[in-house]
Undergrad: 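One structure, pasted below without further comment.
Both counts, for ligands and for their atoms, begin at 1 and track the order of listing. Quantities reported herein were computed from a predicted structural model and do not represent experimental measurements.
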Amino acid sequence: MKLKFSEEVKEIFTKLKRAKFQAYIVGGCVRDLLLGRETKDWDFTTDALPSQIVKLFPDSFYDNKFGTVGVKIKNGRQETNVFEITTFRSESGYSDHRHPDKIVWGKTLEEDLQRRDFTINAMASDGTKIIDLYDGQKDLKNKIIKAVGDPDLRFKEDSLRMMRAVRFATYLKYLIDVKTFSAIKENSFLLAKISHERIRDELLKIIESDYPADGIILLRNAGLINIILPELEKCFGVEQKSPERHHIYDVGTHSIMALKHCPSRNPIVRFATLLHDIGKPVTAGKTPEGVITFYNHEIIGASIVRNIADRLHFSKKDRDLLVKLVRYHQFTVDERQTDTALRRFLRNVGKENLEDMLALRTGDRLGGGARETSWRLELYKKRLVEVQKQPFTVADLKVSGHAVMKIYGIGPGPLVGAVLKMLFDDVVKGILKNEKEVLLKRINDLKKESKITS
Ligand code: ATP
Ligand code: MG
């Protein structure tokens, strides 16, 4: 087999070998190369020590924590790429189930391959041949994720590997080897030792893949969902079928099916789709007629999702989008709704999030056995576009008459309208920003200045 490398990769091989060091590309890039997939990062391993690598590559920097040297190389198109070169490592002692107690430089490639997670990730190449000590090529061919060595020990060493196994199985559409899978089930509780940030990153990679629903099912079968998202585990077995309701699945299954059908590629929108009914288990009730109800589940759901996002350390921006999508996912598309109601919906969701909100709805519909859309939903979408074209009116102000009444301490009357009209004129002229805080301050000032009184 002829292996093809870019000029930059060849340059690194040549420089290391000329200085009489061993040089291999290793790990994910070898796997991707054999699969004919584009690789994100080329990782090198060598017997040269970091100080020796830095000497060979003047434009490089040494990251002490991982013993990795980042080498910057310009390509023909004047772009600079960073390549990672790591000295052979052999690790020992993982008493916290997360990190090796100390990083030890290895003497041989064999030691370095032995510490890697899965057989398909434990291959190296010196530029001409593949070094494959654990039958990685065979497992690639058979589409199997299999731990290097004793799976039980390997997951006890670093429990995040259990999620990595699910991630690779999901995005490559592979099966996890039986022994490896049993070891995950037995050690699933150890995932609780792993930091929430690392768990979040793996989870998002699974959700981002082409088969996110399969990934969540696999996480669940492995006993890992219970650790990552116990709130989701509680949705399974929560029935929603009743005489008046069209529902073919329990809440958990519906959640996974909604994710499967969500047309967005944005992992945050997909995650919101998975969690949109997370408030149902705690709000489940029954009417005297035997109809199952979930009153206010979107409100409770939004607060549960906020907790999940905080626990998993999502950014504020991602958290706000998750919460908003879950909070407003129950929007009705009744053709009798007024334009004002549509505008309120747009204000609540945010125009910039409308497409994401509709993607969640599509997932919700298809994941519940309904058709992708309905004439009502299509009409609603058209009206949302129309409403946005209409001129700005008092109703579009970020404060309502209620705010005026509260600040002035009065009931409804002409004064309320007069204050709103004044705010509206100033916003149209660009004197005031249409922002709640700004407008509230202005109302307070107006009252103090007694500009408008009854
Ligand atoms: P991706 O294409 O998603 O980047 P990858 O296999 O390159 O996949 P990385 O996280 O970039 O994954 O890691 C690079 C290599 O380092 C892996 O292929 C594997 O050999 C090794 N590795 C990474 N994480 C672990 C781990 N937790 N335990 C053992 N080996 C690991
Ligand atoms: Mg990688």
Undergrad: In this structure, does ligand 1 have an atom that sits under 4.0 Å from one of the heavy atoms of Phe118?
TA: no

Undergrad: Would you please determine whether Arg164 falls within less than 4.0 Å of ligand 1 on a heavy-atom basis?
TA: yes

Undergrad: Ignoring hydrogens, just give me the one of Asp117, Leu160, Asp41, Asn121 whose non-hydrogen atom is nearest atom 31 (C) of ligand 1.
TA: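 Result: the heavy atom closest to atom 31 (C) of ligand 1 is in Asp117.
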
Undergrad: Could you check whether Lys173 makes a cation-pi contact with Tyr211, meaning its NZ or CZ is under 6.0 Å from the centre of the six-membered ring and within 45° of the ring axis?
TA: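 Geometry flag: set, cation within 6.0 Å and 45°.
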
Undergrad: Between Arg31, Met163, Glu202, Arg116, flag the one that comes closest to atom 21 (C) of ligand 1 by a heavy atom.
TA: Arg116

Undergrad: Between Leu113, Asp158, Asp43, flag the one that comes closest to atom 27 (N) of ligand 1 by a heavy atom.
TA: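 Ranked by closest heavy atom to atom 27 (N) of ligand 1, first place is Asp158.
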
Undergrad: List the atom of Ile308, the atom of Leu275, and the distance in Å for their closest heavy-atom pair.
TA: CD1-CD1, 4.2 Å

Undergrad: Looking at every non-hydrogen atom in both residues, tell me the closest pair between Thr119 and Ala147 and how far apart they are.
TA: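 Minimum heavy-atom separation between Thr119 and Ala147: CG2-O, 4.1 Å.
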
Undergrad: Considering only the protein, which heavy-atom contact is closest to atom 7 (O) of ligand 1, and what is its distance?
TA: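 Going atom by atom, the protein heavy atom closest to atom 7 (O) of ligand 1 ends up being Gly28 CA, 3.5 Å.
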
Undergrad: Scan side-chain atoms only and decide if Glu11 and Thr14 contain a donor-acceptor pair under the 3.5 Å cut-off.
TA: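 Distance-only check fails for Glu11 and Thr14.
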
Undergrad: Give the numbers and elements of all ligand 1 atoms closer than 4.0 Å to a heavy atom of Gly27.
TA: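 Taking each heavy atom of Gly27 in turn, ligand 1 has 18 (O), 20 (O) under 4.0 Å.
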
Undergrad: Please identify which atoms of ligand 1 are closer than 4.0 Å to at least one heavy atom of Arg115.
TA: 29 (C), 30 (N)

Undergrad: Any non-hydrogen atom of Arg154 lying under 4.0 Å from ligand 1?
TA: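 Not so, Arg154 does not reach ligand 1.
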
Undergrad: Gln388 and Lys351: side-chain donor and acceptor closer than 3.5 Å?
TA: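 No, no side-chain donor-acceptor contact under 3.5 Å.
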
Undergrad: Within 45° of the six-membered ring axis of Phe5 and under 6.0 Å from that ring's centre, is NZ or CZ of Lys10 located there?
TA: no

Undergrad: More than 12 heavy atoms of other residues, nucleotides or ligands under 6.0 Å from CD of Glu355: is that the case?
TA: no

Undergrad: How far is atom 26 (C) of ligand 1 from the closest protein heavy atom, and which atom is that?
TA: Arg161 NE, 3.6 Å

Undergrad: What's the shortest distance from atom 4 (O) of ligand 1 to any protein heavy atom, and which residue and atom give it?
TA: Lys40 NZ, 3.6 Å

Undergrad: By atom name, which N, O or S atom of Asp41 is the nearest to the Mg ion (ligand 2)?
TA: OD1

Undergrad: Could you tell me if His329 and His297 have a donor-acceptor pair between their side chains, going purely by distance under 3.5 Å?
TA: yes

Undergrad: Taking distance alone, with no angle check, do Cys29 and ligand 1 share an N/O pair under 3.5 Å?
TA: no

Undergrad: Which atoms form the tightest heavy-atom contact between Arg31 and Ile120, and what is the distance?
TA: CB-O, 3.3 Å

Undergrad: Just need the protein heavy atom nearest to atom 3 (O) of ligand 1, so name the residue and atom and give the distance.
TA: Arg167 NH1, 2.7 Å

Undergrad: Quick one: which ligand 1 atoms are inside 4.0 Å of a heavy atom on Tyr171?
TA: 1 (P), 2 (O), 3 (O)

Undergrad: Would you verify whether the NZ or CZ of Arg361 falls within 45 degrees of the ring axis of Phe331 while also being under 6.0 Å from that six-membered ring's centre?
TA: yes

Undergrad: Is the contact between Trp42 and ligand 1 made by the side chain, the backbone, both, or neither, using heavy atoms and a 4.0 Å cut-off?
TA: neither

